[in-house]
Amino acid sequence: MRIVKYYRNINPKRYGIILLMTTLLLASSCHQQQTFLDSVPIDIVNKHNPIQIDIYDIVDSISYIPLETSNNCLLGDIQCVKKDDDVFFVKDIKGIFVFDKEGRFKNEIGRRGNGPGEYFYIDNFYLDRKNKLVCLIFNAKKQILQYDYDGNYVSTLHFDENDMNIESVMMCGEDEFLAYYPLPTDVFHGDSEYRRFKKKESMLVSDKIMDAKKLTSKKTFYPFLYFPMISFDNQYFFISVFSNKIYKYEDGKVQPAYYIDIPNLIPSGAFLEEHKDTDFFELMKIMKQNEIGTGILALEASLDYLFALVDKNTLIWDKEKGILISHTYNSNLNLYSSILVGGASDEHIGSLSASFFYENKGDIKRGKDEMLSMLADTLSDEDNPVLYQYYFKKNLVELLVEKYEL
């Protein structure tokens with residue numbers, strides 16, 4: 001009764017103001033609650049104390065595949081590796097080369113030139129696994145060239161000039177894919193960080209699903225994120241520049257699904273607004289001086305785990321708990337390396353140069369792996385690289401918690 005009596009004695013104008021403020025506060029509260037419900041924090045058991053591990057703490061085995069060296073296939077530095085049906089698709093600066101599961105060279109994809117179905121440069125590629133197609137992104141001609149796995153030309157998809165500068169692609173359904181774009185530059189003023197493409201006969205039509213950040217790399221073409229998109233647990237996820245969120249894509253819609261709550265992991269909105277016209281590389285220096293992190297930089301996934309490069313550390317998450325790894329040591333190779341294989345692949349397939357085996361023969365032969373010892377004995381420093389693939393243990397998060405008493 002006191003509350004009713006109090007409102008009856010309020011001036012109508014003041015009552016309206018109070019009612020408006022109350023409505024705004026409730027709306028704000030509901031909005032905050034909705035944001036919290038839409039994105040779930042990843043439970044990291046050691047987020048303030050990342051651990052150093054041996055790679056064999058988390059893998060059952062590592063397979064090593066020496067790629068055949070021949071006059072028909074002399075590889076430079078490997079830029080990307082993908083796999084399907086026990087076949088490896090390996091991209092270097094010259095083209096894409098196909099190897100079987102033993103590393104024997106099978107064929108090259110397409111051929112270089114200016115004619116129909118030919119290319120003189122490849123920006124990147126992806127696999128249409130359902131239709132067994134290798135799809136080459138050719139931004140200069142606003143095309144995606146499609147070949148079968150034997151390297152034969154099949155067809156060309158065309159896209160609009162405004163959709164140029166595609167950096168990487170992830171298939172997400174029949175005739176549909178997501179495309180990630182690099183940072184805006186002085187020349188390319190892109191408005192999108194991600195776009196969705198759908199096939200319409202020989203054309204690709206797109207719509208924006210995430211705005212580009214208000215950042216610029218000035219005169220330098222710079223994607224920043226290593227490999228930003230994954231399929232995990234039958235869902236599609238991606239990350240954004242200077243963000244601690246993992247976004248989910250479903251039926252044309254994007255929403256934050258998970259976030260990583262670590263102090264100073266990302267710059268604040270106010271900080272970015274203050275430096276919005278700063279060259280990106282200078283901005284990175286300023287952030288480092290202020291001990292501000294760069295957010296989530298890369299994603300990978302296996303059947304059981306999501307992996308994320310979180311600033312300088314690697315997160316392993318089993319959908320319930322996560323572990324942060326600072327360094328990973330391969331005791332058989334006497335080598336520190338990343339669990340995420342340095343941007344070479346989105347499928348836990350990395351590469352080591354033949355010269356690495358040649359130059360480190362003594363250390364490798366002192367290890368326990370007979371396959372590695374054989375490679376060190378037989379490879380010359382001019383041979384093609386060696387691929388490697390991790391096979392992860394079951395329940396590895398619990399194993400790490402127990403071993404390192406987390």
Side-chain angles (χ1 to χ4, degrees), residues 25-53 58 178 180 193-194 209-211 213 224-251 253-272 287 290-326 328 338-340 392 395-402 404-406:
L25 284 169
L26 287 171
S28 173
S29 173
C30 290
H31 175 73
Q32 291 173 4
Q33 185 180 22
Q34 183 67 30
T35 301
F36 174 77
L37 290 174
D38 283 349
S39 56
V40 178
I42 292 178
D43 180 15
I44 304 174
V45 299
N46 65 330
K47 67 180 180 180
H48 300 297
N49 185 31
I51 57 173
Q52 176 178 313
I53 64 170
I58 62 173
L178 302 185
Y180 166 66
E193 188 172 12
Y194 289 92
I209 61 171
M210 181 170 284
D211 289 327
K213 290 289 199 306
F224 186 61
L225 300 178
Y226 296 134
F227 24 106
M229 300 174 282
I230 58 167
S231 173
F232 176 61
D233 198 26
N234 296 315
Q235 299 177 89
Y236 303 108
F237 297 100
F238 62 87
I239 52 177
S240 179
V241 175
F242 292 160
S243 174
N244 65 338
K245 297 183 177 67
I246 298 174
Y247 297 87
K248 181 173 73 172
Y249 171 81
E250 186 176 11
D251 297 330
K253 298 179 181 179
V254 173
Q255 65 178 13
Y258 305 101
Y259 67 92
I260 296 175
D261 183 18
I262 295 177
N264 298 320
L265 177 59
I266 57 171
S268 67
F271 178 91
L272 291 177
M287 288 169 56
N290 287 273
E291 298 183 344
I292 299 173
T294 49
I296 306 173
L297 299 172
L299 295 177
E300 281 189 7
S302 67
L303 184 63
D304 300 310
Y305 310 107
L306 180 147
F307 302 83
L309 184 60
V310 182
D311 200 24
K312 301 178 182 67
N313 301 308
T314 300
L315 170 71
I316 306 176
W317 182 56
D318 65 2
K319 294 182 280 189
E320 292 185 3
K321 292 181 180 179
I323 298 281
L324 271 186
I325 312 297
S326 61
T328 309
S338 173
I339 301 170
L340 284 76
F392 293 98
N395 303 314
L396 70 82
V397 171
E398 292 300 329
L399 291 174
L400 290 175
V401 167
E402 182 178 348
Y404 293 94
E405 299 179 351
L406 299 174

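Taking the side chain as every heavy atom from C-beta outward, Ile239 and Ile246 approach each other to under 4.5 Å. Taking the side chain as every heavy atom from C-beta outward, Thr314 and Leu309 approach each other to under 4.5 Å. Looking only at side-chain heavy atoms (C-beta outward), Ser302 and Phe307 come within less than 4.5 Å of each other. Residues Leu299 and Leu306 meet the side-chain proximity criterion, which asks for heavy atoms closer than 4.5 Å. With contacts defined as side-chain heavy-atom distances shorter than 4.5 Å, the pair Leu225/Tyr180 qualifies. The shortest side-chain heavy-atom distance between Lys47 and Asp261 falls under the 4.5 Å cut-off. For the pair Asp43/Trp317, no side-chain contact is recorded, criterion being any heavy-atom separation below 4.5 Å from C-beta on.
For the atom pair CD of Glu193 and NZ of Lys213, the computed distance is 4.5 Å after rounding to the nearest 0.5 Å. Atom CG of Asn49 and atom CD1 of Ile44 lie 12.5 Å apart (nearest 0.5 Å). Atom CD1 in Ile230 sits 7.0 Å away from atom CZ in Phe237 (nearest 0.5 Å).
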**OP:** Run the numbers on Asp311 and Ile262 for side chain to side chain contact (heavy atoms under 4.5 Å, CB included), then give the verdict.
**Re:** CA-CA 10 Å; Asp311 200 24; Ile262 295 177; over 6 Å; no
**OP:** Assess whether ring pair (Phe, Tyr, Trp, His ring centres under 6.0 Å) is satisfied between Phe242 and Phe271, documenting all intermediate values.
**Re:** CA-CA 12 Å; Phe242 292 160; Phe271 178 91; 8.6 Å; no
Original post:
Given the rule in the side chain to side chain contact (heavy atoms under 4.5 Å, CB included) test, do Leu178 and Ile209 qualify, once you have shown the distances and angles that lead to the verdict?
Top reply: CA-CA 9 Å; Leu178 302 185; Ile209 61 171; 3.8 Å; yes
Subject >> CA sep, side-chain torsions, deciding dist, call: Met229, Tyr249, side chain to side chain contact (heavy atoms under 4.5 Å, CB included) >> reply: CA-CA 10 Å; Met229 300 174 282; Tyr249 171 81; over 6 Å; no
**OP:** Could you go through the side chain to side chain contact (heavy atoms under 4.5 Å, CB included) check for Thr294 and Met287 one step at a time?
**Re:** CA-CA 8 Å; Thr294 49; Met287 288 169 56; 4.1 Å; yes
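Scanning both residues, Pro267 and Leu272, for their nearest heavy atoms gives CG-CD2, 3.8 Å. Between Ile53 and Tyr404, the closest heavy-atom pair is CA-OH, 3.6 Å.
In the displayed structure, Lys321 atom NZ is contacted under 6.0 Å by at most 12 heavy atoms of other residues, nucleotides or ligands.
Side-chain contact check for Lys245 and Ser240: no donor-acceptor pair (N or O, by modelled atom type) lies under 3.5 Å.
Shown are Phe232, Tyr258, Tyr247; of these, the ring-ring contact (aromatic ring centres under 6.0 Å, His included) with Phe238 is made only by Tyr247. Of the listed residues (Leu315, Ile316, Asn313, Val310), just one forms a side chain to side chain contact (heavy atoms under 4.5 Å, CB included) with Ile325, and that residue is Ile316.
Within the 3.5 Å criterion, the main-chain N or O of Leu396 finds a donor-acceptor partner in the side chain of Tyr305. At distances below 3.5 Å, at least one donor-acceptor pair connects side-chain atoms of Asn46 with backbone N or O atoms of Leu324. Panel note: side chain Ser39, backbone Ala257; no donor-acceptor pair is recorded below 3.5 Å.
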